[in-house]
Each structure stands twice: as structure tokens, then as C-alpha cells.
Amino acid sequence: MKKLLITGFEPFGGEKINPSWEAVKLLPETIGDFEVTKAEIPVVFEKAAETVIAKADELEPNAIICVGQAGGRSGITPEMVAINLRFASIPDNEGNQPVDQPVRADGPAAYFSTLPIKKMVQYIKAANVPAAVSNTAGTYVCNHLMYGVLYYLDKEFPNTIGGFMHVPYLHEQVMNKKETASLSKDDV
Ligand code: PCA
């Protein structure tokens, strides 16, 4: 069987849950001809990438999909590109708040996802869940993780495909917010 490493994040920014991990942890142990390995990742610059890379070193997966929360978005959004920039408008879960720093000082300006993102969007929509390709993963921990994983795969495992997907808030997260875009846990 082929191997998929799929990750979600712990909660951050005052939320009690993170829809990415709430959904990832519900996935079955196998999907098609992939054996699925799941992991919950800290919302901490550098540690997030280190955690995924350590798991990938051990597992040598064929594909890596990292998932994170994008509050305010209304659909599932596979990300097109990760940029070589850290700019945090809120501290991460260990108080780091980098401004205008590169993710990797010796890396290129950006990496494109090597996942089949357009097909992913097609399949998600076919399942009646809103989806679109996103052209920005932001400049916070999710972009950092996507860039860090693609930098690593480019250097160490060029045959492994990888990338990132943002998911909206869950319904229970928006009950007391002005922001109302959300999906059910099953849809995510
Ligand atoms: N979303 C954040 C970091 C963790 C998460 O789930 C982001 O979009 O950067």
C-alpha cells in the first residue's frame, strides 16, 4: 500500500478546537490504496515543520497533506503556493511573533504545491462541499509549515507529493462571532 501522512493543527488564537484536527482525526485508517497516518501539529513556528518532517523521515510517505484552519473562509481551499515569509499578526502558541523574516534564508521566494489541487477541488465539489483553489496560505504558521515541508521534500524526497489545505470554522465556532462562514465537521 501507498502511504499518506495527513496532519491537523491544535487550537490557537483563543479557539477551543481546530477544525483541521477535528476532521483529520475522524479519517479512516485506509483510503483507496493509501494507508493513512494522522498527526496533530503544534501552532508554533519551526516546531510545526520539525514535527511533520520528523514523522515523514520515519514513515517515508508517498504524499503529505497538511490541513489548517482559515477562519472566515466558506469552503475547503487547497493552497497553490507557500511563500518564503514569516509575518505573524498574533503570537503563536509559544509567544513567537516573527515579522518580515524568511522561512528558510537559503530558500527560493516560493514553492508551488505538488498536490493535484485542481482535481482535489473538483472531487470536493462533487461531494457537495464548497471548495476553491486558494492563492495565498497567509504568512503565519500554516504558510510556514507548507513552505518548510515543500523545501524539505524538494531536497530529500522529490518523489513525495505535498501541500496544504485550509478549512473553514466549524458551526460551533461561529455561534458567538460576527463571522458566520462555517461548515459541519462531517463536511470538513
Ligand atoms: N491556521 C493557522 C495556523 C494554524 C491553523 O490552523 C494559519 O492559517 O496559519
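Read the numbers this way: they start at 1 and go in the same order the structure lists the ligands and their atoms. The basis for the numbers below is simple: all heavy atoms, side chains too, and nothing from hydrogens, waters or symmetry mates.
Within the 6.0 Å centre-distance limit, the rings of F45 and Y140 are counted as a close aromatic pair.
E35 and K3 are not joined by a salt bridge, as no carboxylate oxygen comes within less than 4.0 angstrom of a charged side-chain nitrogen. With respect to E15 and K177, a salt bridge is recorded, a charged nitrogen being found less than 4.0 Å from a carboxylate O.
The hydrophobic cluster around V174 extends to Y169, counting ILVMFWY residues whose side-chain heavy atoms fall within less than 4.5 Å of a member.
Q97 and D92 are not linked by any side-chain donor-acceptor pair at a separation below 3.5 angstrom, with hydrogens and angles left out of the test. Between the side chains of S20 and N18, at least one donor-acceptor pair of N or O atoms lies under 3.5 Å.
Within 4.0 Å of ligand 1, counting heavy atoms only, the contacting residues are F9, F12, N18, V43, G68, Q69, Y140, V141, C142, H166.
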